[in-house]
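Have a look at the structure below before the remarks.
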Amino acid sequence: MHSETPSNPPTLSSSPSETRKEERKFRRSPVELTSLFSADEPEWSGTAIDLSREGCAIRSTTPVQQGDYFHLLIFPGTNQPPIEVGVARVRWAANEQFGVEFITLAPRDATRLQDLLTILGA
């Protein structure tokens with residue numbers, strides 16, 4: 001008899017309530033940073049509330065859907081240029097929050113993001 005157990009069972013939830021840290025590649029830092037995002041036109045505002053090297057959660061009243069793609073700017077502080085994510089993909093959306101994965105990030109912005117996360121202790 002041949003019995004096989006999957007080594008990586010499928011994830012049933014990708015919601016903001018999912019807190020199993022062992023499933024994350026990078027630690028997330030709680031933040032409240034102004035962000036702007038747009039698909040083409042117009043531009044919408046939100047607040048980045050959970051930040052890592054590969055993504056973040058955003059609080060916004062703008063409705064988005066899982067699978068949407070857009071351009072994202074995250075403002076790390078006063079008088080600092082934004083960290084620009086060329087392409088971000090919505091991984092989940094619920095209750096005026098959504099999670100995005102950073103798909104395209106220029107090396108300069110990736111370095112600035114890493115520096116910010118280092119300052120935050122991530």
Side-chain angles (χ1 to χ4, degrees):
M1 182 163 157
H2 181 51
S3 165
E4 202 172 296
T5 310
S7 58
N8 291 328
T11 302
L12 299 176
S13 171
S14 297
S15 71
S17 62
E18 183 179 303
T19 58
R20 297 179 62 189
K21 291 185 181 185
E22 65 273 10
E23 293 181 11
R24 300 233 185 249
K25 287 183 189 176
F26 299 101
R27 183 173 166 208
R28 293 189 173 252
S29 293
V31 295
E32 287 205 15
L33 302 175
T34 299
S35 63
L36 296 174
F37 57 100
S38 63
D40 284 317
E41 298 277 329
E43 192 169 65
W44 303 286
S45 65
T47 303
I49 56 171
D50 225 359
L51 186 63
S52 79
R53 287 177 52 191
E54 291 191 337
C56 69
I58 297 176
R59 185 174 52 233
S60 177
T61 57
T62 303
V64 300
Q65 294 182 356
Q66 182 177 350
D68 285 352
Y69 289 86
F70 50 75
H71 179 258
L72 174 64
L73 299 174
I74 300 172
F75 295 85
T78 308
N79 300 323
Q80 293 183 37
I83 295 169
E84 183 174 355
V85 179
V87 178
R89 180 172 65 130
V90 177
R91 302 285 293 181
W92 57 264
N95 303 323
E96 296 187 350
Q97 291 185 21
F98 57 94
V100 297
E101 174 185 9
F102 301 156
I103 304 293
T104 306
L105 193 63
R108 167 186 55 92
D109 290 302
T111 298
R112 292 183 61 231
L113 174 61
Q114 184 56 52
D115 289 348
L116 175 61
L117 290 167
T118 298
I119 291 167
L120 294 170

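Being a predicted model, the structure only gives us computed values, none of them experimental.
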Provide the closest heavy-atom pair for [X] versus [Y] in the form atom of the first, atom of the second, distance.
| X | Y | value |
| --- | --- | --- |
| Pro76 | Pro81 | CD-O, 3.5 Å |
| Leu72 | Cys56 | CD2-SG, 4.2 Å |
| Leu117 | Leu51 | CD2-O, 3.7 Å |
| Pro82 | Leu73 | CB-CB, 4.0 Å |
| Ser38 | Pro42 | CB-O, 3.4 Å |
| Ser60 | Gly46 | CB-CA, 4.0 Å |

To the nearest 0.5 Å, what is the distance between [atom1] on [X] and [atom2] on [Y]?
| X | Y | atom1 | atom2 | result |
| --- | --- | --- | --- | --- |
| Arg59 | Ser45 | CZ | OG | 11.5 Å |
| Glu84 | Thr104 | CD | OG1 | 10.5 Å |
| Ser35 | Ile49 | OG | CD1 | 10.0 Å |
| His71 | Asp40 | NE2 | CG | 11.5 Å |
| Glu101 | Tyr69 | CD | OH | 8.0 Å |

message = Can you confirm whether more than 12 heavy atoms, excluding those of Gln80, are under 6.0 Å from its CD atom?
response =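 Atom CD in Gln80 is packed in, count exceeds 12.
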ask   = Who pairs with Arg112 by side-chain hydrogen bond (donor to acceptor under 3.5 Å, both in side chains), at least two apart in sequence or on another chain?
value = none
query = Taking only residues two or more places apart in sequence or in another chain, which ones pass side-chain hydrogen bond (donor to acceptor under 3.5 Å, both in side chains) with Glu43?
reply =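 Testing Glu43 for side-chain hydrogen bond (donor to acceptor under 3.5 Å, both in side chains), a comparison that skips the adjacent residues, returns none.
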Is [Y] reachable from [X] through a run of hydrophobic residues whose side-chain heavy atoms are each under 4.5 Å from the next?
| X | Y | result |
| --- | --- | --- |
| Leu33 | Val100 | yes |
| Val90 | Phe102 | yes |
| Ile74 | Leu120 | yes |
| Val31 | Val85 | yes |

message = Students often mix this up, so state it plainly: with edges at 30° and 60°, are the rings of Phe98 and Phe37 parallel, tilted or perpendicular?
response =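 Geometry flag for Phe37 against Phe98: perpendicular rings.
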note = Sorted by chain and number, sequence neighbours left out, salt bridge (Lys or Arg N to Asp or Glu O under 4.0 Å) with Arg108 holds for none
query = Side chains of Thr61 and Trp44: does their closest heavy-atom pair fall under 4.5 Å?
reply =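 No; the side chains remain at least 4.5 Å from each other.
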inquiry  = Strictly distance-based, threshold 3.5 Å: is any side-chain N or O of Asp68 a donor or acceptor partner for the main-chain N or O of Gln65?
reply    = yes
query = Can you tell me if Thr47 uses its side chain to pair, donor with acceptor, with the backbone of Glu32 under 3.5 Å?
reply = no
